[in-house]
Structures are given as structure tokens and as C-alpha cells.
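Keep in mind that the numbers below use all heavy atoms, side chains included, and drop hydrogens, waters and symmetry copies. Sequence positions, counted from 1, serve as the residue numbers for this chain.
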Amino acid sequence: MNEKMRNPQIDCFLPFNTWEESLSTIEELKTCKLIGNIYLMSPQLPSDSGKCPDNCQMLVCKSPFAHYENLKLIKKHQLGEYVLIITQP
């Protein structure tokens with residue numbers, strides 16, 4: 001079995017509204033050893049985007065979250081072998 005099959009990396013993309021809504025989801029995702037990077041997607045960067053935890057990155061996306069252009073953005077930032085798209089914060 002090759003290394004990727006034993007230790008797949010999953011990049012997660014989720015909508016961002018507020019830190020209060022997102023931080024518990026981020027912390028849960030970070031407990032999983034299979035999760036690589038976490039991307040928070042929002043139509044605009046929040047003024048406090050510097051609060052982004054380790055292994056997290058803010059991405060400016062089209063609204064609504066399901067817009068087809070956002071799939072291109074996800075593909076552009078995907079580093080892992082798999083992608084998890086969470087549709088609710």
C-alpha cells in the first residue's frame with residue numbers, strides 16, 4: 001500500500017461568517033489526523049482575519065458559497081489528495 005493510501009490528506013473548505021461560528025468547527029477538524037489544511041471562505045476578509053488559527057487560511061470567494069467560481073478557487077488551493085466541502089458554518 002502506498003503512503004498516500006495509508007495517510008491521505010484532506011483539505012477542508014467551509015463558509016465563514018463569524019469567528020464564534022467557525023472556531024468550534026475548526027477545532028474539531030484539527031483533531032483529525034487526516035485533515036491537512038482548513039480554508040475559510042467569505043465574500044470579504046473580516047477585519048480581524050489575523051485571528052486565523054494555524055493550518056487555516058481565509059479565501060475571498062463569490063457569494064453564494066455554492067457559486068461555480070468557488071469550485072475553481074477550491075481546485076486552485078487544494079494541496080491534499082481529497083477535499084471536504086462543508087456547506088454550513
Pairwise distance [atom1]([X]) to [atom2]([Y]) - rounded to 0.5 angstrom:
{"X": "Lys51", "Y": "Cys56", "atom1": "NZ", "atom2": "SG", "result": "13.0 Å"}
{"X": "Glu28", "Y": "Ile35", "atom1": "CD", "atom2": "CD1", "result": "11.0 Å"}
{"X": "Leu84", "Y": "Cys12", "atom1": "CG", "atom2": "SG", "result": "4.5 Å"}

In sequence, state the C-alpha distance, the side-chain angles, and the governing distance for Ile26 and Lys30, and then conclude on side-chain contact (heavy atoms from CB on, under 4.5 Å).
-> CA-CA 6 Å; Ile26 292 168; Lys30 288 172 72 174; 3.7 Å; yes
For the backbone of [Y] and the side chain of [X], can you confirm whether one donor and one acceptor N or O come within less than 3.5 Å of each other?
{"X": "Thr18", "Y": "Glu21", "result": "yes"}
{"X": "Ser22", "Y": "Trp19", "result": "no"}
{"X": "Tyr82", "Y": "Asp11", "result": "no"}

Shortest non-hydrogen contact between Gln57 and Cys52, atoms and distance = N-SG, 3.8 Å
Which atoms form the tightest heavy-atom contact between Phe13 and Gln78, and what is the distance?
-> CZ-N, 4.3 Å
Are [X] and [Y] packed together at the side-chain level, in the sense that at least one heavy-atom pair is separated by less than 4.5 angstrom?
{"X": "His67", "Y": "Asn70", "result": "yes"}
{"X": "Pro53", "Y": "Leu23", "result": "yes"}
{"X": "Met41", "Y": "Leu14", "result": "no"}
{"X": "Phe16", "Y": "Pro46", "result": "yes"}

Please say yes or no: joined through hydrophobic side-chain contacts below 4.5 Å, possibly via intermediate residues, are [X] and [Y] part of one cluster?
{"X": "Met58", "Y": "Val60", "value": "yes"}
{"X": "Ile38", "Y": "Leu45", "value": "yes"}
{"X": "Leu79", "Y": "Leu34", "value": "no"}
{"X": "Val83", "Y": "Tyr68", "value": "no"}

Going by the salt bridge (charged side-chain N to carboxylate O under 4.0 Å, His left out) test, which pairs reach into residues 61-71, not counting sequence neighbours?
-> Glu69-Lys72
Neighbour count above 12 (heavy atom, 6.0 Å) for Asp48 CG = yes
Under the side-chain contact (heavy atoms from CB on, under 4.5 Å) rule, what do Phe65 and Ile85 come out as? Steps first, then yes or no, please.
-> CA-CA 10 Å; Phe65 183 71; Ile85 299 172; 3.8 Å; yes
Compute whether any side-chain donor of one residue and acceptor of the other, for Asn55 and Asn37, lie under 3.5 angstrom apart.
-> no
Passes side-chain contact (heavy atoms from CB on, under 4.5 Å), Ile10 versus Leu29? Steps please.
-> CA-CA 10 Å; Ile10 303 168; Leu29 290 170; over 6 Å; no
Given the rule in the side-chain contact (heavy atoms from CB on, under 4.5 Å) test, do Leu40 and Leu59 qualify, once you have shown the distances and angles that lead to the verdict?
-> CA-CA 6 Å; Leu40 305 172; Leu59 296 178; over 6 Å; no
